[in-house]
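Values below: every heavy atom of this structure, side chains too, minus hydrogens, waters and symmetry copies.
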Amino acid sequence: MKSSLTAVLTALLCSLSLPAMAAADPNKVLHLSFEAADDGFDAMRTNSAYSNWVSDAIFEGLVTYDYLARPAKLVPNTIEAMPVISDDGKTMTFRLKKGIYFSPDPAFKGQRRELLASDYAYTFKRLVDPNNRSVQASILEGKIVGLDELAAAAKKTGKFDYDKPVAGLETPDPYTLIMRLKAQHPGLIYYLAKPLGGAVAREVVEHYGEAVNQHPVGTGAYMLKQYVPRSKIILEANPEYRGFVWDFQGTGTDWDKQIMKDMKGKQMPQVGRVEIAIIEEEQSRWLAFDSGQLDFEMLVPAASVKLLDQGKLKPEFAAKGLRLYRAVDPGVTRTFFNFQDPIVGGYSKDKIALRRAIALSFNHQEEIDQVWFGQAIKAQSMVPPDVAGHDASYRNSNAYDPKLANKLLDKFGYKRGEDGFRTMPDGSPLKLRIHSAPKTKDYARMEVWKRSLDKIGIRAEFPVAGFADNLKSAYQCKLMMFGMGYIADIPDGMDFMELYYGNNAYRGNHGCYKSAAFDAVYDKARLMPNGPERLKLFNNMERILEADTVHSMELWRVRNWLIQPWVKGYKTHPILRGDWRFLDVEKTR
């Protein structure tokens, strides 16, 4: 009896010593889809929106975003309060909360693993390790004291010394990180809220090696339960997650008021499981949502004609309890040119003329009407509305003008043959290769491209491959032309401009574009706080991109999210991706 009582008391004391964990309900399941496959979940190796969406739910940065605040607002995440800024903005001191743990994993050999400041220091070092060839290394390059020197030494020796102290990433105690910068970088803190800023445990990376891309382990609300590449992703609530009480203040809209009524005071997360299906075909996604198999879905443009009337749900669909959340996407679509390609690449006047003629020929309104069914706006700049660096009065100089396109081609020697199609100035064949994915929307876009190019006498072929395959080739600058969307990862236009920074070739700069003029302006703008002078630099960068014609600038998309009546708390955040921890699902659908 005594030993039994002792065992009970011991168990009770052990349970009291553990922090209160989030009690997500395993019976509450969110079902959703991605229209393209992810690119793995090692945040430093990808900038895919689908990968980031999942990674956002698994990894935690030092800071994150207020769920309801608009414009986007940073708030503490794994730190006790926002960082202390000193030394004219060049020093940031972060103090971590105690008692945050990574999700259970074999890499920890059965031990609980607490999050420490050194995990963030390791994560940031890993980002610039040249052996990792991170596609996002430029975010930290040239910014943190001592970090570039460590990377340079690794290039010489072939080995990155993770144990060597870095003056710019000091950890004076287990819960304090002091980041020292070479100069002010006002936008850097936004990047710390991205998945790439999410803490990674060194033992996990060393345990899985190259396979860590498929074994993400973080401190976030969810953990990866099952992963079938290009088919299915299943997340389960992290049993070590500390949880939080839902308490956000809205903007005063009726939508926000209803969310607050449904959610305020709830212990989060409520959802115990997230199931993601990769469904590339638009019609299939819509049928899955319409039959109740998906809980929320971005309305396919073709369906907008059937469901919407002047931007609102038609009465027969509203009567089903469906809700519509509508907003201009904080992103842009464009078709980039590969500057290393022998046909469209290069910086000579004749090559610039060819690219500009191609860009001038593309009928954007036809794409808006026939591909997006009116659910898009002609983009005037790389930086979209509601993102710092956007100028509402700015107008792109490469507007639709097939007559001017033909004149440019004639002037620079791209002659028409007897068949009406043009050749290169030296008489060799001129044929474009515009890559796309096997989706109805992409097929429709390629039809617009063909009709547009026919008007200026340029042949084209349209190779088709999966999005993930195309993205991999794009990172290697192997595609002649490829249409891509880019969604803001931070609420600042530098996130878009860095795509064309010369140092980012073979990373985010898929066309391997390099311009000393552009880089010089970029280097000035990234050190300045937001304001009128900085906006002038953004406009300057836009004009340089247009002058070199690095892409065919296309659209700002209007997103229409349909939400099933049993989903509570839903509001699309302009930056934050993995928002499932803020939602609830009624058990009875």
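- In this structure, K568 contributes its side chain and P565 its backbone to a donor-acceptor pair below 3.5 Å.
- Y65 has its ring centre less than 6.0 Å from the ring centre of H573.
- Below 30°, between 30° and 60°, or above 60°: for W246 and F248 the angle between ring planes is above 60°, a perpendicular geometry.
- Crowding of Q226 atom CD: a count of heavy atoms from other residues, nucleotides or ligands under 6.0 Å exceeding 12.
- No side-chain N or O of E240 forms a donor-acceptor pair with one of T219 less than 3.5 Å apart.
- Of the possible donor and acceptor atoms, none in the side chain of R45 sits under 3.5 Å from a partner among the backbone N and O of D39.
- In this structure, a donor-acceptor pair under 3.5 Å is absent between the side chains of S55 and N52.
- Scanning both residues, L127 and A137, for their nearest heavy atoms gives O-CB, 3.4 Å.
- W561 places none of its side-chain heavy atoms less than 4.5 Å from the side chain of L324.
- For D492, the salt bridge (charged side-chain N to carboxylate O under 4.0 Å, His left out) partners are R534, not counting sequence neighbours.
- There is a side-chain donor-acceptor pair under 3.5 Å between W566 and D295.
- For the atom pair CG of D119 and CD of E114, the computed distance is 9.5 Å after rounding to the nearest 0.5 Å.
- The closest side-chain donor-acceptor pair between D247 and Y67, if any, does not fall under 3.5 angstrom.
- Look at R202 and E206 and you find a salt bridge, because one of the NZ, NE, NH1 or NH2 atoms lies within 4.0 Å of a carboxylate O, short of that distance.
- Here the side chains of T333 and W556 are not in contact, with every heavy-atom distance at 4.5 Å or above.
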**Report entry** Residues K261, D256; criterion salt bridge (Lys or Arg N to Asp or Glu O under 4.0 Å); working and verdict
**Finding:** CA-CA 9 Å; K261 179 180 178 182; D256 284 7; over 6 Å; no
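- Residue A221 comes nearest to R581 through the heavy atom pair CB-CB, 3.9 Å, listed as atom of the first residue, atom of the second, then distance.
- With hydrogens and angles left out, the side-chain atoms of D38 and Y227 include a donor and acceptor closer than 3.5 Å.
- Of the possible polar contacts, one joining the D105 side chain to the A107 backbone as a donor-acceptor pair under 3.5 Å is found.
- In summary, the side chains of T251 and R70 do not present any donor paired with an acceptor at a separation below 3.5 Å, with no hydrogens or angles considered.
- Although no hydrogens or angles enter the test, the distance criterion places a donor-acceptor pair under 3.5 Å between the side chain of D66 and the main chain of L68.
- In this structure, the separation between NZ on K90 and NZ on K182 is 12.0 Å, given to the nearest 0.5 Å.
- Using a 4.5 Å cut-off on side-chain heavy atoms (C-beta onward), E297 and Q564 make no contact.
- A side-chain donor-acceptor contact under 3.5 Å links S291 to the backbone of A288.
- Without hydrogens or angle criteria, D173 side chain to T176 main chain gives a donor-acceptor distance under 3.5 Å.
- Side-chain atoms of H31 never come within 3.5 Å of backbone atoms of E275 as a donor-acceptor pair (strictly under, hydrogens ignored).
- For the residue pair Q136 / S134, no side-chain donor-acceptor distance below 3.5 Å is found, with atom types taken as modelled.
- For the atom pair CD1 (I276) and OG (S33), the distance works out to 9.5 Å, reported to the nearest 0.5 Å.
- A heavy-atom distance below 4.5 Å is found between the side chains of Q375 and N560.
- Within the 4.5 Å cutoff, the side chain of E35 has heavy atoms near those of the K439 side chain.
- Here the side chains of Y122 and K125 are not in contact, with every heavy-atom distance at 4.5 Å or above.
- Judged by distance alone, with hydrogens and angles left aside, the side-chain atoms of D442 form a donor-acceptor pair with the main-chain N or O of A437 at under 3.5 Å.
- Looking at residues two or more places apart in sequence or on another chain, you find a side chain to side chain contact (heavy atoms under 4.5 Å, CB included) between A277 and I279.
- Put simply, the side chain of L224 reaches to within 4.5 Å of the side chain of I233, judged on heavy atoms.
- No donor-acceptor pair closer than 3.5 Å links the side chain of D25 to the backbone N or O of Q270.
- Here Y162 and F160 bring their ring centres to under 6.0 angstrom of each other.
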Requested in this report: Dump the intermediate steps for salt bridge (Lys or Arg N to Asp or Glu O under 4.0 Å) on D290 and R285, then the final yes or no.
Outcome: CA-CA 9 Å; D290 193 38; R285 291 200 308 277; over 6 Å; no
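- Taking each heavy atom of P330 and V387 in turn, the nearest pair found is CB-CG2, 4.3 Å.
- Within a 6.0 Å sphere centred on CG of D148, heavy atoms belonging to other residues, nucleotides or ligands number more than 12.
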Query - Chi angles and distances behind the ring pair (Phe, Tyr, Trp, His ring centres under 6.0 Å) call for Y191, F124 - result: CA-CA 11 Å; Y191 289 103; F124 301 148; over 10 Å; no
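- In this structure, K264 places its NZ atom where more than 12 heavy-atom neighbours from other residues, nucleotides or ligands lie under 6.0 Å away.
- Between I189 and V63, the closest side-chain pair of non-hydrogen atoms falls below 4.5 Å.
- Ring to ring, Y325 and Y570 are not that close: their centroids are 6.0 angstrom or more apart.
- To the nearest 0.5 Å, atom CZ of residue R526 and atom OH of residue Y501 are 4.0 Å apart.
- Residues L115 and Y175 come closest through the heavy atom pair O-CE2, 4.3 Å.
- Take A36 and apply the side chain to side chain contact (heavy atoms under 4.5 Å, CB included) test, not counting sequence neighbours, and it matches Y50, F467.
- Taking both residues in full, the closest heavy atoms of A237 and A24 are given as CB-CB, 3.5 Å, listed atom of the first, atom of the second, then distance.
- A salt bridge is defined here as a Lys NZ or Arg NE, NH1 or NH2 lying under 4.0 Å from an Asp or Glu carboxylate O, and K143 with E141 fails to meet this definition.
- Closest non-hydrogen pair, R577 versus D56, comes out as N-OD2, 2.9 Å.
- If you check the side chains of Q258 and D254, you find no donor sitting under 3.5 Å from an acceptor.
- Within 6.0 Å of atom CZ in F482, more than 12 heavy atoms from other residues, nucleotides or ligands are found, so the atom counts as buried in its surroundings.
- With ring centers used as reference points, Y475 lies under 6.0 Å from H510.
- For the pair E280 and R230, the salt-bridge criterion is not met [side-chain N within less than 4.0 Å of a carboxylate O].
- Taking the six-membered ring for Trp, Y241 and Y101 have ring centres at least 6.0 Å apart.
- In this structure, the side chain of S51 does not engage the main chain of F41 through any donor-acceptor pair within 3.5 Å.
- A donor-acceptor contact under 3.5 angstrom links the side chains of Y486 and D495, judged on distance only.
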**Report entry** side-chain contact (heavy atoms from CB on, under 4.5 Å) between M268 and M263, intermediate numbers included
**Finding:** CA-CA 10 Å; M268 306 304 291; M263 300 298 296; 3.6 Å; yes
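- Applying the 6.0 Å contact sphere to NZ of K97 captures more than 12 heavy atoms from other residues, nucleotides or ligands.
- Expressed to the nearest 0.5 Å, how far CD of E236 lies from CE of M223 amounts to 7.0 Å.
- For the atom pair NZ of K225 and OG of S103, the computed distance is 11.5 Å after rounding to the nearest 0.5 Å.
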